[in-house]
Amino acid sequence: MASQDWFDKDFYKVLGVSKDVTPAELKKAYRKLARKYHPDSNPGNPAAEAKFKEISEAHSVIGDPAQRKEYDAVRAMGGGARFTAPRGGGGQAGGFDDVFGGMFGGGARQQGYSYEQGGYDDLLGGLFGRGGGGGGGGFGSTSGGFRGYGGPTRGRDVIASTTVDFITATHGDQITLQTQDGRAIKVKIPAGVADGQKIKLRGQGQHSPDGGEAGDIVLTVSVRKHPVFEREGLNLRVAVPVTFVEATLGATIEVPTLGGPPVKLRIVPGTPSGRVLRVKGRGVVTPKGTGDLLAEVQVAVPSHLSKDAEEKLEAFAAALPKENPRDDLLAKARD
């Protein structure tokens with residue numbers, strides 16, 4: 001904003017407050033207007049958006065104690081009069097010379113002042129003890145924000161959490177969440193999201209109090225456990241029970257997959273409990289890669305046997321070689 005605007009615009013009037021308003025009263029008045037005219041409350045209303053920008057501009061000046069002091073001083077000096085840009089070495093009637101002439105013991109034209117070098121800001125900056133073109137964040141500063149005093153305040157981030165089921169976390173999906181202020185927002189859960197992983201929803205946090213950028217929502221995702229599958233990176237692990245006979249003699253069995261039809265696996269004769277069989281490409285599918293399905297064989301021991309089955313099992317045991325499968329374990333433990 002050029003310093004001319006400080007003469008033209010009555011920021012107190014824009015905010016509907018008196019010139020002796022206290023900081024607390026000013027803040028309350030501004031917040032009330034900001035809520036009323038915020039673009040989120042008036043979608044597709046350009047008039048409301050323009051009004052919101054106007055009150056944000058006013059508050060950014062008189063809401064800052066240092067700028068408010070300078071604004072009041074400039075308004076008091078000019079008396080609200082409008083001045084025109086200087087031409088050559090002098091001003092036009094009713095312009096710059098008339099406003100500031102008396103401060104220098106006469107009209108600016110008689111004193112020979114030139115206002116072309118740096119314009120209004122350099123002259124006004126000198127009146128407040130600094131050059132506007134210097135690095136002090138004065139009227140002529142272009143160091144960022146509103147006239148060098150920093151930009152609008154960024155809205156606060158919001159910390160939130162949600163729980164999704166195992167399949168949603170594995171395959172990805174879009175869910176709808178409701179914010180504390182009642183807004184419904186759609187959230188894309190990426191395929192392969194892990195338990196405890198954080199997702200940042202940019203611009204969905206708290207609104208800025210003065211028209212700046214909104215904060216973010218930092219969403220922590222919790223994943224419900226699955227009754228069958230577990231995650232190991234991009235791989236899925238499943239425990240597959242097999243009978244003693246299947247493990248001993250070999251068999252073809254069905255193994256479940258996540259969200260798809262079962263696959264058939266070959267159990268070779270003599271497969272021990274704990275052996276892991278790999279099914280390629282049936283794990284977690286993400287843009288970064290695809291995992292496998294790890295099927296861990298667990299030999300199921302029958303808990304109840306008929307009398308006839310017991311007798312036959314004892315006959316089977318008697319026919320086996322006289323070997324102790326724990327001999328190697330005991331030997332290593334003694335070393």
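Residues: numbered from 1 along the sequence shown.
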Counting only heavy atoms not in Arg183 (residues, nucleotides, ligands), do more than 12 fall under 6.0 Å from its CZ? yes

Side chains of Asp210 and Tyr30, heavy atoms from C-beta outward: is any pair under 4.5 Å? yes

Spell out, as yes or no, whether a donor-acceptor pair under 3.5 Å connects the side chain of Ser208 to the backbone of Thr153. yes

Keeping Ser222 on the side-chain end and Thr163 on the backbone end, is there a donor-acceptor pair under 3.5 Å? no

Is Lys9 salt-bridged to Glu57, cutoff N-O under 4.0 Å? yes

Quick one: do Val221 and Val218 end up in the same hydrophobic cluster if we chain Ile, Leu, Val, Met, Phe, Trp and Tyr together by side-chain heavy atoms under 4.5 Å apart? no

Drop me the distance from Asp195's CG to Arg224's CZ, to the nearest 0.5 angstrom. 11.5 Å

With hydrophobic residues grouped by side-chain heavy-atom distances under 4.5 Å, do Val158 and Ile185 end up in a single group? yes

Please determine whether residues Ile189 and Leu234 belong to a single hydrophobic cluster, defined as Ile, Leu, Val, Met, Phe, Trp and Tyr linked transitively by side-chain heavy-atom distances below 4.5 Å. yes

Minimum-distance pair of heavy atoms, taken over all atoms of Val240 and Ala295: CG2-CB, 3.8 Å

Could you report the tightest heavy-atom contact between Ala29 and Val17, atom names first, then the distance? CB-CG1, 3.7 Å

Single-linkage hydrophobic cluster Leu293~Val285, side-chain heavy atoms < 4.5 angstrom: no

Return the CG to CD distance between Leu177 and Gln204, rounded to the nearest 0.5 Å. 10.5 Å

Just so I know, are the side chains of Pro190 and Ile199 near enough to count as touching, which here means a heavy-atom distance under 4.5 Å? yes

Indicate yes or no: does Glu49 engage Lys53 in a salt bridge with an N to O separation below 4.0 Å. yes

Apply side chain to side chain contact (heavy atoms under 4.5 Å, CB included) to residues Val242 and Ile253 and explain how you reach the verdict. CA-CA 8 Å; Val242 298; Ile253 64 172; 3.9 Å; yes

Nearest heavy-atom approach of Val284 to Gly192 is CG1-CA, 3.6 Å

Are any of the side-chain heavy atoms of Val297 and Leu277 separated by less than 4.5 Å? yes

So, Gln197 side chain and Ala194 main chain: donor-acceptor pair closer than 3.5 Å or not? yes

Hey, are Lys312 and Asp308 close enough for a salt bridge, meaning a charged N less than 4.0 Å from a carboxylate O? yes

State whether the number of non-hydrogen atoms from other residues, nucleotides or ligands found under 6.0 Å of Gln298 atom CD is greater than 12. yes

Check Pro209 against Ala34 and note the closest heavy-atom contact, atom names and distance. O-CB, 4.3 Å

Check: Thr271 side chain, Ile267 main-chain N or O, donor-acceptor pair, under 3.5 Å: no

Please round to the nearest 0.5 Å and tell me the distance separating atom CD of Glu25 and atom CG of Asp20. 8.0 Å

Hey, could you give me the CG/OH distance between Asp72 and Tyr12, rounded to the nearest 0.5 Å? 3.5 Å

Trace of the side chain to side chain contact (heavy atoms under 4.5 Å, CB included) decision for Val187 with Thr176: CA-CA 6 Å; Val187 180; Thr176 300; over 6 Å; no

Sidechain-backbone polar pair: Asn42 side chain, His38 backbone, donor-acceptor under 3.5 Å: yes

Would you give the length of the straight line joining atom NE2 of His207 to atom CZ of Arg156, rounded to the nearest 0.5 angstrom? 14.5 Å

Measure the shortest side-chain to side-chain distance between Glu246 and Thr243 over non-hydrogen atoms and say whether it is less than 4.5 angstrom. yes

Side chain proximity check, Val61 to Arg68, heavy atoms < 4.5 angstrom: no

Check the angle between the aromatic planes of Phe244 and Phe316 and answer parallel, tilted or perpendicular using the 30° and 60° thresholds. perpendicular

Polar contact flag, side-chain donor to acceptor under 3.5 angstrom, Thr168-Asp173: no

Would you sort out whether Phe229 and Phe166 count as a ring-ring contact (aromatic ring centres under 6.0 Å, His included), showing the intermediate values? CA-CA 9 Å; Phe229 299 96; Phe166 192 88; 7.0 Å; no

Considering only NZ, NE, NH1 and NH2 on the basic side and carboxylate oxygens on the acidic side, decide whether Arg154 and Asp216 come within less than 4.0 Å. yes

Is there a side-chain contact between Arg231 and Leu236 (heavy atoms, below 4.5 Å)? yes

Rounded to the nearest 0.5 angstrom, the CG-CZ distance for Leu329 and Arg334 is 9.5 Å

So, the side chain of Tyr37 versus the backbone of Ile55: is there a donor-acceptor pair under 3.5 Å, distance only? no

Between Glu232 and Arg237, is there a side-chain N and carboxylate O pair less than 4.0 Å apart? yes

May I ask you to test the Leu258-Ile167 pair for a side-chain heavy-atom distance under 4.5 Å? yes

Within one Ile-Leu-Val-Met-Phe-Trp-Tyr cluster: Val268 and Val255, side-chain cutoff 4.5 Å: no

Checking Asn235 side chain against Asp292 main chain: does a donor-acceptor pair fall under 3.5 Å? yes

Where is the tightest heavy-atom contact between Asp64 and Ser60, given as atom of each residue plus distance? CB-O, 3.9 Å

Write down the atom of Pro256, the atom of Val238, and the distance for their closest heavy-atom approach. CG-CG2, 4.3 Å

Is there side-chain contact between Ile175 and Val164, with at least one heavy-atom pair below 4.5 Å? yes

